[in-house]
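This is a predicted model, so every value here is computed, not measured.
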Amino acid sequence: MSFPLLTATAALPAIGAIATAAVPAAKRTAAKWLALLFSLATLALAVTVLVRFDPDGDRYQLTESHSWIADFGVRYELGVDGIGVALIALTALLMPFIVLAGWHEADPLETGSRRWRPTQGFFALILAVEAMVIISFAATDVFLFYIFFEAMLIPMYFLIGGFGDRAHKDGEEKAATQRSYAAVKFLLYNLAGGLIMLAAVIGLYVVAGNFSLTEIAQARANGELEMATSTERWLFLGFFFAFAVKAPLWPLHTWLPNAMQESTAPVAVLITAVVDKVGTFAMLRFCLQLFPEASKWATPVILVLAVISIIYGALLAVGQRDIKRLIAYASISHFGFIVMGIFAMTSQGQSGATLYMVNHGISTAVLMLIAGFLISRRGSRLIADFGGVQKVAPVLAGTFLIGGLATLSLPGLAPFVSEFLVLVGTFTRYPVIGIIATFGIVLAALYTLVLYQRTMTGPVKPEVATMPDLRVREIAVVAPLVVLLVFLGVYPKPVTDIVNPAVKQTLSDVQKKDPQPEVEAAK
């Protein structure tokens with residue numbers, strides 16, 4: 001039997017979570033180093049998965065299959081295609097930086113009623129989320145995927161509600177109330193989507209007789225499994241609704257600004273750069289493969305929702321006074337681009353969407369983590385409380401600018417390539433949708449540059465006059481991510497080579513081909 005590499009990659013952070021939680025209360029520093037060690041070890045295994053994966057090989061590789069609940073046809077099945085392996089690598093890459101950035105986020109509080117913040121629990125929950133996300137990206141059994149798709153809500157709930165942002169001016173009691181509200185809203189929205197998906201999962205089993213993604217997709221392709229049109233559409237809607245909540249897609253997005261505003265910066269990165277990617281990934285893996293006809297049927301409506309997300313998120317970002325809420329609405333806009341690329345049903349659109357998932361994770365991590373360092377120094381999230389930071393903390397301001405420029409997809413930085421591919425892929429099939437979506441780029445430039453101008457330029461406010469620049473630990477967090485932004489901005493080929501074969505196979509599932517250029521067609 002070959003070594004279960006995917007299981008090991010997911011199990012290692014789970015073991016790390018247990019070990020970190022078991023560290024004695026007085027050994028907070030030991031718990032931090034243990035969490036960092038496990039995150040680095042998981043990254044090493046993820047790199048091994050990446051190296052072992054052959055883009056020109058079978059669609060699903062490093063597969064594992066074991067009987068789990070035999071009476072119901074549930075199996076423990078894992079396997080990765082190019083899309084899954086890219087997102088596993090992204091997750092494992094970001095986690096050490098999240099741990100380092102959160103080094104002091106759960107330290108004991110000196111004042112107020114919450115004198116003790118369980119440091120061990122904070123890092124254990126982060127590692128638990130990593131384990132569940134990796135399993136979700138690798139699961140090829142629908143029921144197994146569903147279990148971890150829902151289970152990750154529990155540690156996220158406690159990370160949002162129990163370890164909120166300290167930059168509150170309204171008192172601890174009100175801050176705790178707001179954190180609780182954000183955590184409950186996050187949980188209820190995602191549980192509602194999950195319950196609807198559960199009904200669809202059960203319906204899929206009734207129709208197909210098993211939960212294996214590969215077997216069901218193969219049976220559908222061979223004509224051995226027929227679904228009534230209405231049945232397929234209802235099942236598709238059940239799956240898509242849950243993924244749209246997680247994504248988050250307008251109008252199911254409203255939990256995200258609250259969750260990111262009340263979370264610590266590392267947890268906010270965990271939400272939008274890692275956890276939310278499970279939703280868009282699942283649209284590609286499950287919606288399009290299991291329900292190809294229903295996916296094409298729903299495409300016009302989904303594209304309209306995606307465009308609304310792009311414009312709506314960008315417009316609300318322009319008007320925000322809170323730095324974290326601004327980044328949250330910007331992410332809603334970016335997820336609109338990802339969903340648009342997926343349902344454009346072109347190779348450029350879906351390759352761009354997958355690349356966008358990776359690039360958005362890196363760029364959002366840079367911007368949000370730098371914002372977190374900035375907020376912790378000032379003790380405020382309000383844009384109006386800053387000014388002139390670049391004169392007292394030039395390195396902080398410079399990295400903040402790079403993160404902002406990546407958010408607006410400046411050429412030469414990683415998100416530009418993915419956004420360009422999404423727009424090209426959409427325009428070739430749906431030109432009106434593509435044209436409207438381009439206005440999101442203009443709005444992105446507006447909210448990014450206005451944010452930088454108001455916080456970093458102008459006269460130095462007295463409250464930021466003594467603000468320290470980035471420390472060694474903080475530079476170690478953002479510098480590698482900035483280098484990666486530039487590298488993938490000028491040379492995205494390593495990622496596109498991995499994801500493109502999987503994208504072509506997904507298009508084949510829905511029986512779609514790229515539109516031919518009009519000039520060529522005229523010949």
*Under 6.0 Å between the ring centres of His253 and Tyr312?*
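So the answer is yes for these two rings.
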
*Centroid-to-centroid, Phe149 to Phe243, below 6.0 Å?*
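Phe149 vs Phe243: aromatic centres under 6.0 Å.
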
*Residues which pass side chain to side chain contact (heavy atoms under 4.5 Å, CB included) with Ala14, listed by chain and number, not counting sequence neighbours*: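 Ala131.
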
*asked:* Please evaluate residues Leu396 and Gln390 with respect to the criterion side chain to side chain contact (heavy atoms under 4.5 Å, CB included), reporting the C-alpha separation (whole Å), side-chain torsions for both, the decisive distance (0.1 Å), and the verdict.
replied: CA-CA 7 Å; Leu396 188 154; Gln390 67 178 11; over 6 Å; no

*Indicate yes or no for a side-chain donor-acceptor contact from Asp469 to the backbone of Val395 under 3.5 Å, with no hydrogens or angles considered.*
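Present.
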
Give me the atom names and distance for the closest heavy-atom approach of [X] to [Y].
X	Y	value
Leu485	Asn359	CD2-O, 4.5 Å
Thr9	Thr42	O-CG2, 3.6 Å
Ala31	Thr20	O-CG2, 3.7 Å
Glu130	Ala92	OE2-CA, 3.8 Å

_Test salt bridge (Lys or Arg N to Asp or Glu O under 4.0 Å) applied to Glu474 and Arg377, step by step_ = CA-CA 12 Å; Glu474 295 166 336; Arg377 284 160 163 76; 2.7 Å; yes

*Identify which one of Val267, Val269, Val274 satisfies the side-chain contact (heavy atoms from CB on, under 4.5 Å) criterion when paired with Ile271.*
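Per the side-chain contact (heavy atoms from CB on, under 4.5 Å) rule, the option paired with Ile271 is Val267, out of Val267, Val269, Val274.
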
*asked:* Suppose the criterion is side-chain hydrogen bond (donor to acceptor under 3.5 Å, both in side chains): which pairs have a residue in residues 80-100, not counting sequence neighbours?
replied: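 As it turns out, the side-chain hydrogen bond (donor to acceptor under 3.5 Å, both in side chains) pairs with a partner in residues 80-100, which skip direct neighbours, are Asp81-Arg285.
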
*Examine the side chains of Gln320 and Tyr329 and answer whether a donor and an acceptor come within less than 3.5 Å of each other.*
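Note: Gln320 and Tyr329 side chains miss the donor-acceptor criterion.
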
_Donor-acceptor pair between Ser331 and Thr272 side chains, under 3.5 angstrom_ =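 Short answer, yes.
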
*asked:* Classify the ring geometry of His360 against Tyr356: parallel below 30°, tilted from 30° to 60°, perpendicular beyond 60°.
replied: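 Tilted: the ring planes of His360 and Tyr356 meet at 30° to 60°.
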
*With sequence neighbours left out, what residues match Lys277 under salt bridge (Lys or Arg N to Asp or Glu O under 4.0 Å)?*
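Salt bridge (Lys or Arg N to Asp or Glu O under 4.0 Å) list for Lys277, sorted by chain: empty.
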
*Contacts of type salt bridge (Lys or Arg N to Asp or Glu O under 4.0 Å), residue Glu150, not counting sequence neighbours*: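 Salt bridge (Lys or Arg N to Asp or Glu O under 4.0 Å) check on Glu150 returns nothing, list empty.
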
*asked:* Can you pull out every salt bridge (charged side-chain N to carboxylate O under 4.0 Å, His left out) where at least one residue sits in residues 485-502? Sequence neighbours excluded, please.
replied: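 Pairs touching residues 485-502 that pass the test: Lys493-Asp497.
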
_With side chain to side chain contact (heavy atoms under 4.5 Å, CB included) as the criterion, how do Leu50 and Ile498 come out once you've worked through the C-alpha distance, each side chain's angles and the decisive distance to 0.1 Å?_
CA-CA 9 Å; Leu50 192 62; Ile498 292 173; 3.6 Å; yes

*asked:* So for atom CZ, which belongs to Arg473, do other residues, nucleotides or ligands contribute more than 12 heavy atoms lying within a distance under 6.0 Å?
replied: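 More than 12 within 6.0 Å, yes.
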
_Tyr452, OH atom: more than 12 neighbouring heavy atoms under 6.0 Å_ =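 For Tyr452, atom OH is crowded (more than 12 foreign heavy atoms under 6.0 Å).
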
*Can you find a pair of side-chain heavy atoms, one from Leu481 and one from Phe97, that are under 4.5 Å apart?*
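Yes. Closest side-chain heavy atoms under 4.5 Å.
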
*Set of residues satisfying ring-ring contact (aromatic ring centres under 6.0 Å, His included) with respect to Phe186, sequence neighbours excluded*: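 Expected list: Trp255.
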
*Can you list the steps and then say if Ile370 with Leu470 is a side chain to side chain contact (heavy atoms under 4.5 Å, CB included)?*
CA-CA 9 Å; Ile370 289 293; Leu470 291 184; 4.0 Å; yes

_Among Gln178, Lys185, Arg179, exactly one meets side-chain hydrogen bond (donor to acceptor under 3.5 Å, both in side chains) together with Asn258. Which residue is that?_
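The residue from Gln178, Lys185, Arg179 that satisfies side-chain hydrogen bond (donor to acceptor under 3.5 Å, both in side chains) with Asn258 turns out to be Lys185.
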
